[in-house]
Amino acid sequence: MIERVRGFRDSYPEDMLPRQKMFDVMRETARKFYFSQIEIPSLEYLDLYRVKSGEELLTQTFSFTDKGGRELTMIPEATPSVVRMLTSRKDLKKPVKWFCLPKLWRYEEPQSGRSREHTQFNADIFGDGSVYADAEIIGLACSTLDKLGLSGKYKVRINDRMLMEKLLRDIGISDISRGYSLIDHYRKLSAEEFKSLLLELCEDREKADFLLQLLGKEIKLDQLGSKFPEKFKKENGEIISRLLNTGKLVTTITDAELVYDASVVRGLGYYTGIVFEGFDTAGEFRSIFGGGRYNNLGQLIAGTQVEAVGFGMGDAVLELLLKKNNLWVLTEKESSFGVCTVGDEAILTAYELATKIRRLGYAVNVDTSQASLSNQLKKAASNSLTHTIIIGPKELRDNVLTIRDMNSGKQFTGKMEDLDNLIKSMAS
RNA sequence: GCCGGGUUGGGGUAGGGGUUAUCCUUGGGGACUGUGGAUCCCCGGACCCGGGUUCAAUUCCCGGACCCGGCCCCA
């Protein structure tokens, strides 16, 4: 017996049904925001990720050298591929609104909400540097969760990289990326540890107190202005008011709670403006989605400057959250037909009937087992078919068919010619 | 890569250095070859892998694989 590869999942029908439903909601919602779907390759040159990441990342990918000596990697994230696709087409009318649902791979130890293969809902707006694009991206992420039934079960924390950079410089931190890295660990370190690490890094210890007070607090956006010292506020009024505007715009799209949180900086990425993360309200899981503005990744990858904002939403955490809220069993009852046959002669007619009903848009299963009718009905019931059709010598003789509603047990016999009407009235 | 806890039929479990490895469920069949998911009966199906200790290992020891969770990292 050969086992499944570590960290990978098998998905059986009972999981696929709700999973596909979830992806359907993502696709539908994206289209309602007038995003177009694209598909990205599953393999890219490793160099695509070298551009913006250190060697650290390379140890966390499924990478290999192909027969021609090329260093390839199974994509660990969507954004570089999407940017590559965008920048290699010069004829696209901006803004470009794209989404995709790629599988992604990471070579890491599997743990809760994270396996080595997962699917991510990824959406981006290119060529629009405005606050409207920021808001629309957050709005799309939230609308998707709302549509899945998660309204009120999650919230969004936002921050702005430029604001944080100013804040860090203001307290005398010159190594900004180290500053981000430390802030990113805020929730993992104890208050004392964090404080001493921060003080190591910064020069102005008095002002550092201010940052410490700001961190880890969820601040309602309309109170954001009052949290900053007057001088700082004046110098960075534009960034602050942009954040406020984003929040205001997002409320026209979703009721989701949106708060400012200085500890959200999104790792060591390529973000240049707003950054955001969606969390379950109970704080039980990893982030549901995350994203932000990244206006210089185009420059890094293709030498073309392009304004960009986007998010990624993994299926793993979302699945945990949906399951916790009993939203994972999304077995929608569409009408489905099982054709039971009695006698060999009935099978040909059964196939003809099945084809006709399929053309009407329903799923049909033909039972050719020639088991006893009672067993066929039993099987149909346990396969959750909503209706059965019985075809046997009697029906063939009289040119009729018998349709049975498996929920109510009601049964009708009608002429073969009236099939369409019979089906329609039964399925309704 | 590191740390902790696990692993007995498809799923959930009981047990245990030696005999036919327990029970529930799922699956297959029958009672019932033209009318249902009930009931009863029958059948199939497991000790993760390798090494060690031992007369004997599924059981004890060591290693590995995989699973769950955590760290690192977070795209």
Side-chain angles (χ1 to χ4, degrees), chain A residues 1-10 12 14 40 44 48-49 51-62 73-83 102-116 118 120 122 180-181 184-185 187-189 264-271 275 277 285-287 289-292 294 297 310-314 316-317 320 338 340-344 346 367 369-397 402-413:
Chain A
M1 187 67 179
I2 295 173
E3 292 185 330
R4 174 161 34 79
V5 173
R6 178 168 171 74
F8 285 66
R9 298 268 156 276
D10 294 329
Y12 290 93
E14 56 268 32
I40 59 175
E44 291 279 5
L48 185 62
Y49 308 98
V51 165
K52 62 143 191 114
S53 321
E55 290 294 309
E56 168 87 45
L57 180 137
L58 310 184
T59 67
Q60 291 177 1
T61 57
F62 278 92
T73 194
M74 295 177 76
I75 59 169
E77 58 168 325
T79 308
S81 303
V82 176
V83 170
K103 273 195 175 182
L104 305 178
W105 297 269
R106 47 177 78 192
Y107 196 92
E108 285 186 305
E109 292 312 302
Q111 49 191 289
S112 180
R114 175 182 294 185
S115 57
R116 288 183 169 187
H118 74 288
Q120 193 183 68
N122 191 273
Y180 285 156
S181 173
D184 197 40
H185 285 83
R187 283 167 199 280
K188 298 213 165 171
L189 296 167
V264 171
V265 293
R266 303 279 305 150
L268 297 163
Y270 32 67
Y271 293 106
V275 284
E277 284 185 340
F285 305 114
R286 295 162 194 283
S287 67
F289 65 85
Y294 52 101
L297 192 59
F311 73 85
M313 182 185 287
V317 172
L320 292 176
C340 302
T341 55
V342 179
D344 287 338
D367 192 332
S369 68
Q370 295 293 303
S372 72
L373 184 56
S374 117
N375 279 338
Q376 290 192 50
L377 286 168
K378 219 178 266 187
K379 246 192 286 178
S382 76
N383 284 330
S384 5
L385 289 153
T386 62
H387 299 80
T388 47
I389 292 175
I390 299 164
I391 296 292
K394 285 187 213 165
E395 283 77 12
L396 292 177
R397 189 190 61 217
T402 301
I403 303 184
R404 186 178 178 81
D405 182 317
M406 294 302 275
N407 292 320
S408 65
K410 282 180 189 159
Q411 186 169 308
F412 301 93
T413 299

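Letters A, B, ... mirror the listed sequences (proteins, then strands); counts begin at 1. Just so you know, these numbers come straight off a predicted model, no measurement behind them.
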Q: When you measure from the side chain of A:E277 to the backbone N and O of A:R266, does any donor-acceptor pair fall under 3.5 Å?
A: no
Q: Would you mind classifying the nucleic acid contact of A:G343 as base, sugar-phosphate or nothing, using non-hydrogen atoms under 4.0 angstrom?
A: nothing
Q: What is the distance, rounded to the nearest whole Å, between atom CD1 of A:I403 and atom P of B:G36?
A: 19 Å
Q: Specify the separation, in whole Å, of atom CZ of A:R114 and atom C1' of B:G70.
A: 12 Å
Q: Is it the case that the base of B:C67 and the side chain of A:R4 share a donor-acceptor contact (distance under 3.5 Å, atom types as modelled)?
A: no
Q: Could you state the CZ-P distance from A:R286 to B:C73, rounded to the nearest angstrom?
A: 13 Å
Q: Would you say the side-chain atoms of A:E44 pair up with the backbone N or O of A:M74, donor to acceptor, closer than 3.5 Å?
A: no
Q: Under 4.0 Å between a side-chain N/O of A:H185 and OP1 or OP2 of B:C72, yes or no?
A: no
Q: Dump every N/O contact between nucleotides 29-34 of chain B and the protein below 3.5 Å, one line per pair.
A:
residue: B:C32; atom: O2; partner: A:S374; partner atom: OG; Å: 3.4
residue: B:G34; atom: O6; partner: A:P393; partner atom: N; Å: 2.9
residue: B:G34; atom: O6; partner: A:K394; partner atom: N; Å: 2.9
residue: B:G34; atom: N1; partner: A:E395; partner atom: OE1; Å: 2.9
residue: B:G34; atom: N2; partner: A:E395; partner atom: OE2; Å: 2.7

Q: What is the separation between atom CD on A:E109 and atom P on B:G69, rounded to the nearest whole Å?
A: 13 Å
Q: Heavy atoms only, 4.0 Å cut-off, all strands: where does A:S382 land among base, sugar-phosphate and nothing?
A: base
Q: For the side chain of A:T73 and the backbone of A:F62, is there at least one donor-acceptor N/O pair under 3.5 Å apart?
A: yes
Q: Taking C-beta and beyond as the side chain, do A:E395 and A:T413 meet within less than 4.5 Å on heavy atoms?
A: no
Q: Looking only at the side chain of A:R404 (C-beta and beyond, no hydrogens), which of the listed nucleotides B:A75, B:C74, B:G36 gets closest?
A: B:G36
Q: Taking CG from A:D10 and P from B:G11, how many angstroms apart are they, rounded to a whole number?
A: 11 Å
Q: Which atoms of nucleotides 40-44 of chain B (N or O only) lie under 3.5 Å from a protein N or O atom, and what are those distances?
A:
none

Q: Less than 4.5 Å apart, any side-chain heavy atom of A:Q411 and any of A:H387?
A: no
Q: Applying a 3.5 Å limit to both distances, which nucleotide forms a Watson-Crick or G-U wobble pair with B:C2?
A: B:G70
Q: Using the P atom in both, what is the distance from B:U53 to B:C61, to the nearest Å?
A: 16 Å
Q: Measuring to OP1 and OP2 of B:C67, would you say a side-chain N or O of A:R6 lies under 4.0 angstrom away?
A: yes
Q: Send over the distance from A:M406 CE to B:U35 P, rounded to a whole Å.
A: 14 Å
Q: Can you tell me whether the side chain of A:Q60 and the base of B:A75 have a donor-acceptor pair closer than 3.5 Å?
A: yes
Q: Report which part of the nucleic acid A:G409 touches: base, sugar-phosphate, or nothing (heavy-atom distance under 4.0 Å, all strands).
A: base
Q: So, A:D367 side chain and A:S369 main chain: donor-acceptor pair closer than 3.5 Å or not?
A: yes
Q: Whole Å only: how far is the CZ atom of A:R106 from the C1' atom of B:A75?
A: 6 Å
Q: Report the base-pairing partner of B:G45 (Watson-Crick or G-U wobble, both distances below 3.5 angstrom), or none.
A: none
Q: Hey, is the side chain of A:K188 poking within less than 4.0 Å of OP1 or OP2 on B:C73, counting only N and O atoms?
A: no
Q: Taking OP1 and OP2 of B:C71, is either one under 4.0 Å from a side-chain nitrogen or oxygen of A:Q111?
A: yes
Q: Can you tell me the distance, in whole Å, between the CD1 atom of A:I75 and the C1' atom of B:A75?
A: 11 Å
Q: Nearest 0.5 angstrom please: A:E108 CD to A:R116 CZ, how far?
A: 8.5 Å
